[in-house]
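First the structure, in the form of structure tokens, and then the observations on it.
Labels below follow one simple rule: chain letters A, B, ... track the order of the sequence lines, proteins then strands, and each chain is numbered from 1. Here the structure is a predicted model, which is why all the values come from computation and not from measurement.
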Protein chains: 2
Amino acid sequence: MNASNDQQDIKREKILEASYQRFLHYGYSKTTMNEIAGDLSMSKALLYYYFPDKSELYMAVMRKLANDYLKQLEDKLGHFTDLREAFLFQVNTHHDFIVSNYNFFDFFRLNEQNLPDTIWETVGQIRGAEIKLLANAIQAEVEKNNIKPVANPIEIVEVFLDALHGIKVGGSLPHKKLNFPHKEHLDEIHNKRLLLIDIFVKGLK
Amino acid sequence: MNASNDQQDIKREKILEASYQRFLHYGYSKTTMNEIAGDLSMSKALLYYYFPDKSELYMAVMRKLANDYLKQLEDKLGHFTDLREAFLFQVNTHHDFIVSNYNFFDFFRLNEQNLPDTIWETVGQIRGAEIKLLANAIQAEVEKNNIKPVANPIEIVEVFLDALHGIKVGGSLPHKKLNFPHKEHLDEIHNKRLLLIDIFVKGLK
DNA sequence: AATTTGATAGTTTTGTTAAAAAAGTCAGGA
DNA sequence: TCCTGACTTTTTTAACAAAACTATCAAATT
């Protein structure tokens, strides 16, 4: 066992923090390893001592963010008094998560496809946690006889999450290249999602 | 007044038909004016006699398709016995429309952005007709006291259409570059949409 | 006069190559 | 074990020529 693991971990954290700031401001492709190293007053080679390559570094930052988000969801798992509250919690938490890390996800707006496939693992993990949270809430409501039994809670939650994801802005004049919502539209989208929750939850009753 | 307008219109139709076949098989950017002209055994210059440019030709084909679709919707406008029937009709008609013209919309999957802005007019027109159909159905139900009054039917329909649009496949393992659904997934998506209708319509009651 | 075309002009896409920038490696120092 | 400067390899960018395609037009045909 290595006695200096603490020191290593601290340095790793510092690297993650500096990288996060760069990625947040400039996105993945406009951030260079030299710049990150420069911010930390260390050599670029040292970065490669701690992380195998650039995309793994990005992934590590992403995983940290994802873990914070997952923790928020899991802390509340099973502590809801009704279904609407659970759905609201999910949507609000998600909204806050996106808003506060908006620029970090630049690469989703542009198609910076040069990212590792393992990123979809993390995305899938997040989705899994969301599904678990909501399916659990539905199950609890069924057992309390607040809503009628459903054949497959997970299927319903998946449709719900997809539906949420489809909510966009610009109803009358559709915009052409809409990959990722624009920052100033996030609140409007959030409001529409709240409306969807009202209808959807009522439909399950 | 020109006596040969009929002949012109017939030729225009022939051009539209040939162009449709080409666009359907090869998409916009992989279809050349020479090829269309070749299919019709006419000179390329003649195409430019009938249509101002390539994108306007594509638009003309698109408008023809859109008109067929709009006609289907408008024929049924106001002839529904209940809300669910109206929503089902919209989703099924839309599904058939996409399936039968799938390859024509290639340029939506790839980002063939070199299309005229006026295309969004047509897209908006379609969306407008869909909204009109469904908002009308909701209003009718309200007046028959089958569902409770709603503040803004259009807002609800917009959320519904967005939600439909968000339904994708690959719940567990999200796929990276999902712009437009893959052809073999259309049926699965359609089924999920039917589930969404069940819940949504019930939520409006 | 309305249609049609061959020839051609103008523009966009594609392919090539060289220089610059960035990613990634490594032998060796502290 | 941690760290660096110098180095190699890979990717991005820019410039430019060739090819492909769009679009135009004067002249021929009906």
Side-chain angles (χ1 to χ4, degrees), chain A residues 1-16 18-19 22-23 25-62 106-107 110-119, chain B residues 1-16 18-19 22-23 25-62 106-107 110-119:
Chain A
M1 180 68 66
N2 187 341
S4 67
N5 262 344
D6 291 351
Q7 277 306 320
Q8 269 208 0
D9 288 350
I10 286 172
K11 184 146 283 189
R12 267 210 186 77
E13 273 305 311
K14 288 230 189 284
I15 293 173
L16 288 177
S19 304
R22 280 280 169 188
F23 289 139
H25 283 311
Y26 304 108
Y28 181 79
S29 70
K30 291 295 185 186
T31 295
T32 74
M33 297 298 263
N34 268 322
E35 288 166 344
I36 295 173
D39 290 347
L40 294 159
S41 304
M42 59 171 60
S43 73
K44 178 178 59 172
L46 190 52
L47 289 182
Y48 284 94
Y49 177 78
Y50 285 97
F51 295 93
D53 61 28
K54 185 183 176 183
S55 64
E56 281 302 319
L57 174 56
Y58 184 87
M59 280 299 302
V61 177
M62 171 112 176
D106 246 21
F107 75 96
L110 318 174
N111 34 337
E112 308 196 29
Q113 281 341 49
N114 43 347
L115 290 166
D117 284 348
T118 53
I119 206 166
Chain B
M1 181 66 64
N2 188 341
S4 66
N5 264 341
D6 290 351
Q7 278 305 320
Q8 270 208 359
D9 288 349
I10 287 172
K11 185 147 280 192
R12 268 212 184 77
E13 273 305 311
K14 287 228 187 285
I15 293 173
L16 288 178
S19 305
R22 278 280 168 187
F23 289 140
H25 284 309
Y26 304 108
Y28 181 79
S29 70
K30 292 295 184 188
T31 295
T32 72
M33 297 298 265
N34 267 322
E35 288 165 344
I36 295 173
D39 291 347
L40 294 159
S41 305
M42 59 172 60
S43 73
K44 178 176 56 173
L46 190 52
L47 290 181
Y48 285 94
Y49 177 79
Y50 284 98
F51 294 93
D53 60 30
K54 186 184 176 183
S55 65
E56 280 302 319
L57 173 56
Y58 184 87
M59 279 300 302
V61 177
M62 170 113 176
D106 245 23
F107 75 95
L110 320 171
N111 34 335
E112 308 195 31
Q113 283 339 53
N114 43 346
L115 291 165
D117 285 348
T118 53
I119 206 167

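The distance between atom CD of A/Gln8 and atom C1' of D/dT1, rounded to the nearest whole Å, is 8 Å. In this structure, B/Arg12 places its CZ atom 15 Å from C1' of C/dT4, rounding to the nearest Å. Taking atom CD1 of A/Ile36 as the reference point, atom P of C/dA22 lies 13 Å away to the nearest angstrom. Counting to the nearest Å, the C1' atom of D/dC3 and the CD atom of A/Gln7 are 14 Å from each other. As a whole-Å value, the separation of B/Leu46 CG from D/dT22 C1' is 16 Å. The nearest whole Å value for the distance from the CD atom in A/Glu35 to the P atom in C/dA21 is 13 Å. Atom NZ of A/Lys30 and atom P of C/dA21 are 13 Å apart (whole Å). Regarding A/Tyr49, its OH atom lies at a distance of 18 Å from the C1' atom of D/dG5, rounded to whole Å.
Summarising the geometry of A/Leu16 relative to A/Phe51, their closest heavy-atom pair is CD2-CZ, 3.8 Å, with the distance given to 0.1 Å. Residues A/Tyr50 and A/Lys11 share a closest heavy-atom pair of OH-CD, 3.3 Å.
Rounded to 10 degrees, the angle separating the terminal helix axes of the helix from C/dA1-D/dT30 to C/dA30-D/dT1, each built from five base pairs, is 30°.
Residues passing the salt bridge (charged side-chain N to carboxylate O under 4.0 Å, His left out) test with A/Asp39 are A/Arg22, sequence neighbours excluded. Residues that satisfy the side-chain hydrogen bond (donor to acceptor under 3.5 Å, both in side chains) test with B/Glu56, not counting sequence neighbours, are absent from this structure. Partners of B/Ser43 by side chain to side chain contact (heavy atoms under 4.5 Å, CB included), not counting sequence neighbours, listed by chain and number: B/Ala45, B/Leu46. By the side-chain hydrogen bond (donor to acceptor under 3.5 Å, both in side chains) test, B/Asn34 is found to be paired with no residue, residues two or more places apart in sequence or in another chain being considered.
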Under the side-chain contact (heavy atoms from CB on, under 4.5 Å) rule, what do B/Tyr26 and B/Glu35 come out as? Steps first, then yes or no, please. CA-CA 11 Å; B/Tyr26 304 108; B/Glu35 288 165 344; 5.5 Å; no

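With rounding to the nearest 0.5 Å, the separation of CD1 in A/Ile15 from CD1 in A/Ile10 is 12.5 Å. Interatomic distance, B/Lys54 NZ to B/Ser29 OG, rounded to the nearest 0.5 Å: 6.5 Å.
With D/dC3, D/dT4, C/dT4 as the candidates, the nucleotide lying closest to the side chain of A/Lys11 is D/dC3.
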Output one letter per nucleotide in nucleotides 23-30 of chain C: B when a protein non-hydrogen atom lies under 4.0 Å from the base, S when only the sugar-phosphate is that close, - when neither is. BBBB----

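No contact: B/Phe51 has no heavy atom under 4.0 Å from any strand.
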